[in-house]
Amino acid sequence: MVSTNPFGEFRVACEVALRKALSELHPEATDRSLLLNEPPNRSFGELSSNVMLELAQSRSQDTPKKLADQLVPLIHADGVPAIRAVKTAGAGYINFYADFTELSRMTIDSIRSLDSRYGSVRTEKPMSIIVEHTSANPISPIHIGQARNPILGDALARVLEARGHRVSRHFYIDDVGRQVAVAAFGYRLIEKPSPMDEKPDHYIGTIYTITSCIVEISRLKRALQQAETLSPEKTMQLKSSLREWNQVADEFRKKHPRLFKLLLHQLPLDEDVEARINALNRAYEAGEPEAKRLIRETCGLSMQGLKETLSRVGVCFNSWDWESDLVWNGSVRDVLENLKKTGYVFSEGPVLEFDANKVAEDFELKENLAVKKDHEIPSLTLVRADGTTLYTTRDIPYTLWKFKQAEKVINVVGADQKLPQLQLKLALWALGNEKHARNLTHFAYSLVNLPGYTMSGRRGRYISFDEVVDEAIRKALDEVEKRSPSLSEEEKTKISRNIGIGAVKFALIEVDPTKPVVFTWDRVINFERNSAPYIQYSYARARSIMRKAERRVLEADSSLLIEPVEQDIILKLSKFPETVIDSADNLKPDAIADYVIALADRFNSFYNAIPVLNTSSASLSDARLALVESVTIVLRNALSLIGIEALEKM
RNA sequence: GAGCCCGUAGUCUAGUCUGGAUAAGACACUGGCCUGCGGAGCCGGAGAUCUGGGGUUCAAAUCCCCACGGGCUCGCCA
C-alpha cells in the first residue's frame with residue numbers, strides 16, 4: 001500500500017484502537033484531542049499515551065498504572081497490520097509498538113513510488129496565498145541582517161506549495177519615500193555616472209549613504225549653531241549624532257574617496273538641500289514626469305543588483321509590485337477617503353491620524369491580537385503636513401490589492417515592524433474587511449545583528465549578503481580543492497557554489513525565526529559547525545552507493561531490515577510528511593532544517609555500521625539499496641523545501 | 001517610563017504552542033575507528049541547579065506572577 005503519510009497511518013491506527021478501548025471503559029476521556037505523544041526513546045515504542053496519568057487525577061482510588069493495565073487488554077491491535085504490540089510501562093503509560101515489517105514496507109514503497117512528491121500531503125483546504133517577502137529598499141544592497149527575510153520567505157512559500165496551496169511570491173518595491181529621493185538626488189547631482197565594475201545596488205547604496213550622511217551632518221551643524229536656544233540635553237544629543245555621522249563620513253571617505261569628494265563638492269550645504277529632496281519626493285508622489293524618470297532610473301539600477309543577488313541564491317518572485325503605482329493610480333487616495341468615512345481618522349492641522357487604539361477597542365480585538373487591555377496602541381500618521389503619505393498608509397491599499405488576488409496574505413517582515421503591521425491590520429478592520437484582517441499574517445522574524453552593533457543601511461554599516469555568499473563559496477572551493485582534487489574545474493566551481501550558498505541559507509533558516517541571531521562568520525563558513533555541508537555530504541555518500549550498485553531494485557523485501565539503525569532511519573523517513581504538514585500549517589520553515597539534520601545523522605550511523613553492497617544475500621542488499629534510495633529521495637525533497645540543492649558529488 | 005520578543009553545558013542551538021518517562025544535537029575538549037560502499041564521517045567520554053525567585057499541578061525547561069540580563073518598538077522614517 002502506498003501512503004502519502006506512512007507514520008500518519010500508524011498514528012491513526014493507534015488512535016482508533018485507543019479511542020475504541022477508552023469508549024468502553026472511560027467514555028469521558030475520549031473527547032481529548034491529543035491522546036498520543038512521541039516517547040523519548042524507542043524502548044517505549046513509537047507512540048505513547050499518557051491519558052491514564054491524567055485520568056487518575058479524577059479517580060484517586062486508582063493508580064494510573066492500574067488503569068492502564070485494565071485498558072490495554074481492550075485495545076484490539078491484532079487486526080491492525082501496523083501495530084505490533086501495546087504495553088503498559090512506567091507510571092502508567094500505554095506504549096504502541098509499530099510493526100516494522102509493515103511500516104518499512106509502506107514507507108519505502110511510498111517513497112519510491114511517490115518520489116519527488118513524497119512529503120507533500122495536500123491539505124483539505126487549499127488556499128491561494130500571497131507570500132510577500134524581502135521587499136528591501138531599492139537603494140542599497142541586501143545586507144546579511146535582512147537576508148533572513150528572503151531565505152525564510154522562500155522556504156515558507158515552498159513548504160506551503162508542498163501542502164497544496166497556490167502560492168504567489170511578491171516583492172514590494174518601496175520606491176516612495178524620502179530615502180529614495182535622497183539617493184536619486186545624489187545620483188543626479190553627480191550627473192549619473194554608470195557603475196564601473198561595481199554591482200549596481202552596491203553602487204547606488206554608496207551614493208545613498210554618502211549623500212544622506214553629508215546632508216545629515218550639515219543639518220546637525222546648522223541645528224547646533226542655534227545652541228543658545230537649545231536645552232543642554234538637546235545639545236548633547238545633537239553633538240552625539242554629529243559625532244556618529246562624522247565617523248560614518250570618515251569611513252566612506254576612505255572606502256570611496258572618489259564618490260565622496262564628488263558628492264561633497266556638488267552638494268549645496270544649506271537648508272535648501274533638504275527642501276529640494278522633499279520637493280523631489282513630492283514630485284514623485286504627484287507623478288511628475290521628470291521625477292518619475294529620475295527615481296525609476298535610480299531604483300531600476302538598484303533593483304537590477306537585488307534581482308541578481310536573489311536569483312543567484314535561488315529565490316524567485318511571481319510579482320514585483322511598485323509602491324508608486326498605488327499612489328499614481330489613485331488607490332492610496334481612495335483608501336484614505338474610505339478611511340476618513342469610518343470615523344477613525346482625526347486631523348491635527350493638515351496631518352491625518354488613524355486611531356488604531358479605538359478600532360481595537362470598538363471591535364474588541366485586543367485580547368485576540370495579544371495586546372494588553374490597558375495598553376494604548378499608538379495612532380498611525382497617515383498623511384504628512386506637506387500632503388505626502390507614509391509607508392504604512394500606502395501599505396493599506398497594497399494589502400487590499402493583494403487580497404483581490406489571494407485569500408490569505410503572509411507578510412514576511414521583521415519583528416521590529418510589529419506595530420505598523422498591527423496598525424495595518426486594524427485599518428482593515430476599520431474599513432470593514434474583517435475577513436481580510438483575519439487572513440493577514442505578519443510572519444515576524446528577529447533581526448540579525450553583528451556582534452556589538454546593529455546593521456544600518458542608512459549608515460552604510462553592514463555586511464552585504466553578496467559578500468557573505470562570495471566568502472562562503474570561496475571557503476567551499478578551498479575545501480573541495482583539498483578533498484576532491486580529481487574533480488574537473490567545472491565540477492568544482494558548480495559544487496562549491498552549491499555548498500557555499502547552501503551553508504549561508506542553512507545558517508539563516510535553522511534557528512527559530514523569533515530568536516535573535518548574532519551574525520558571525522564562523523556560523524556560516526565553519527563547515528564543521530554548519531550542518532548544510534554535512535547533509536549534502538550524506539546525500540553524496542548515499543548517491544555514491546547508488547551509482548556503484550549499477551542497478552535499480554524493483555522488488556525489495558523490507559522485512560529484512562531488522563537492524564536498529566535501519567529501523568531508526570525508516571521511522572524518521574515515515575515521519576517526513578508529518579514534518580512538512582507541521583511546517584506548513586504552523587509556518588515553521590525551520591522545522592524542515594531540524595528534520596533533515598536528524599535524517600542525515602541516522603543515515604551516517606547506518607552507513608558506518610551496515611554494508612549495503614557486500615552482503616550475505618542479494619535480497620538483503622536489495623532491501624538496503626531500496627532504503628538508501630529512499631534516504632536520497634527524502635534528503636533531496638527536504639533540502640529542496642528549504643531551497644538547498646542536493647549534490648551528487650562534493 | 002510603557003509594550004513586544006528572547007534567555008537551555010565554555011559556545012551555538014532543538015525541545016516550550018499541546019506539561020509527562022533518562023533535557024536532544026553541534027562546535028570546542030577528550031579516548032578510539034581508514035584491506036567494506038566517500039574520514040566534510042563513525043563509536044565512546046566529560047560537560048546543564050534549563051537566568052533567578054515565587055506560584056499552579058500527582059507531574060514544570062514547558063503554564064502563571066515577579067525580578068534580572070540581551071534585542072526590538074513607542075517618528076509627519078521605513
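Just so it is clear, the model here is predicted, and its values are computed rather than measured. Letters A, B, ... mirror the listed sequences (proteins, then strands); counts begin at 1.
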For [X], report the nucleic acid contact type (base, sugar-phosphate, nothing); a contact means any heavy atom under 4.0 Å.
X: A:Val511; answer: sugar-phosphate
X: A:Tyr534; answer: sugar-phosphate
X: A:Asn281; answer: nothing
X: A:Val480; answer: base

Residues which pass ring-ring contact (aromatic ring centres under 6.0 Å, His included) with [X], listed by chain and number, not counting sequence neighbours:
X: A:Tyr284; value: A:Trp328
X: A:Tyr462; value: A:His143
X: A:Tyr172; value: A:Tyr398
X: A:Tyr595; value: A:Phe576

Provide the Watson-Crick or G-U wobble partner of [N], both distances under 3.5 Å; none if there is no partner.
N: B:G36; value: none
N: B:C74; value: B:G1
N: B:G44; value: B:U30
N: B:C68; value: B:G7
N: B:A14; value: none

5'-most contact on RNA chain B: A:Lys649 or A:Pro40, nearest heavy atom basis?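 Its nearest nucleotide lies further toward 5', so the answer is A:Pro40.
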I want to confirm an ordering. Mapping A:Asn137 and A:Glu648 to their closest nucleotides on RNA chain B, which one lands closer to the 5' end? A:Glu648
Report yes if a side-chain nitrogen or oxygen of [X] is closer than 4.0 Å to either non-bridging phosphate oxygen (OP1 or OP2) of [N]; otherwise report no.
X: A:Ser605; N: B:C43; value: yes
X: A:Arg523; N: B:U13; value: yes
X: A:Lys515; N: B:C12; value: no

If you measure from the [atom1] atom in [N] to the same atom in [M], how many Å do you get, rounded?
N: B:U16; M: B:C5; atom1: C1'; result: 14 Å
N: B:A48; M: B:C42; atom1: P; result: 24 Å
N: B:C63; M: B:G15; atom1: P; result: 13 Å
N: B:C66; M: B:G3; atom1: P; result: 9 Å
N: B:A61; M: B:G53; atom1: C1'; result: 16 Å
N: B:G41; M: B:U49; atom1: P; result: 29 Å
N: B:U62; M: B:A23; atom1: P; result: 15 Å
N: B:G71; M: B:C27; atom1: C1'; result: 24 Å

Check the distance between [N]'s [atom2] and [X]'s [atom1] and give it to me in whole angstrom.
X: A:Asn50; N: B:A21; atom1: CG; atom2: P; answer: 9 Å
X: A:Asn604; N: B:C43; atom1: CG; atom2: P; answer: 8 Å
X: A:Lys372; N: B:C5; atom1: NZ; atom2: C1'; answer: 13 Å
X: A:Phe527; N: B:G39; atom1: CZ; atom2: C1'; answer: 17 Å
X: A:Asp590; N: B:C17; atom1: CG; atom2: P; answer: 16 Å
X: A:Tyr607; N: B:C42; atom1: OH; atom2: P; answer: 12 Å
X: A:Lys418; N: B:C5; atom1: NZ; atom2: P; answer: 5 Å
X: A:His442; N: B:C5; atom1: NE2; atom2: C1'; answer: 12 Å

Scoring nucleotides 70-77 of chain B by protein non-hydrogen atoms under 4.0 Å (B base, S sugar-phosphate only, - none) yields -SSSS-BS
Go through [options] for me and flag the one nearest to the [X] side chain.
X: A:Asn95; options: B:A21, B:A14, B:C17; value: B:A21
X: A:Tyr537; options: B:G20, B:A2, B:G39; value: B:G39
X: A:Glu54; options: B:A14, B:C42, B:G20; value: B:G20
X: A:His375; options: B:A2, B:A40, B:A14; value: B:A2

Syn/anti state of B:C34 by chi, 90° boundary around 0: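 The base of B:C34 is oriented syn (glycosidic angle within 90° of 0).
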Any donor-acceptor pair under 3.5 Å linking the side chain of A:Thr399 with the backbone of A:Asp395? yes
Between A:Arg602 (side chain only) and A:Ile569 (backbone N and O only), is there a donor and an acceptor less than 3.5 Å apart? no
Salt bridge (Lys or Arg N to Asp or Glu O under 4.0 Å) contacts in which one or both residues fall within residues 36-51 of chain A, not counting sequence neighbours: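 Salt bridge (Lys or Arg N to Asp or Glu O under 4.0 Å) check on residues 36-51 of chain A returns A:Arg11-A:Glu38, A:Glu38-A:Lys575, A:Arg42-A:Glu46, A:Arg42-A:Asp568.
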Heavy-atom closest contact (A:Leu36 atom, A:Cys14 atom, distance): CD1-CB, 3.8 Å
Minimum heavy-atom separation for A:Tyr534 to A:Ile597, with atom names?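 Smallest interatomic distance, heavy atoms only, reads CE2-O, 4.4 Å.
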For the side chain of A:Asn41 and the base of B:A24, is some donor closer than 3.5 Å to an acceptor across the two?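 Between B:A24 and A:Asn41, which were checked side chain against base, a qualifying N/O pair under 3.5 Å is absent.
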Answer yes or no: side-chain N or O of A:Ser538 and base N or O of B:A40 forming a donor-acceptor pair under 3.5 Å.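 Result: no qualifying N/O pair found.
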Side-chain heavy atoms of A:Val468 within contact of A:Trp521, under 4.5 Å: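 Side-chain contact under 4.5 Å: yes.
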Answer yes or no: is there a side-chain heavy-atom contact under 4.5 Å between A:Leu422 and A:Val371?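 In contact.
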Tabulated below should be each protein N or O lying under 3.5 Å from an N or O of nucleotides 27-32 of chain B; please produce it.
none

Sequence neighbours excluded, which residues qualify as salt bridge (Lys or Arg N to Asp or Glu O under 4.0 Å) partners of [X]?
X: A:Arg529; value: A:Asp522
X: A:Glu361; value: A:Lys366
X: A:Glu510; value: none

State whether the number of non-hydrogen atoms from other residues, nucleotides or ligands found under 6.0 Å of A:Lys492 atom NZ is greater than 12.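 Count over threshold, so yes.
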Going by 5.5 Å between centroids and 30° between planes, is there a stack of A:Tyr93 over B:A21? yes
Between the protein and nucleotides 46-49 of chain B, which nitrogen or oxygen pairs are less than 3.5 angstrom apart?
none

Under the side-chain contact (heavy atoms from CB on, under 4.5 Å) rule, collect the residues that match up with A:Leu365, sequence neighbours excluded.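 Testing A:Leu365 for side-chain contact (heavy atoms from CB on, under 4.5 Å), a comparison that skips the adjacent residues, returns A:Phe363, A:Leu369, A:Leu426, A:Trp429.
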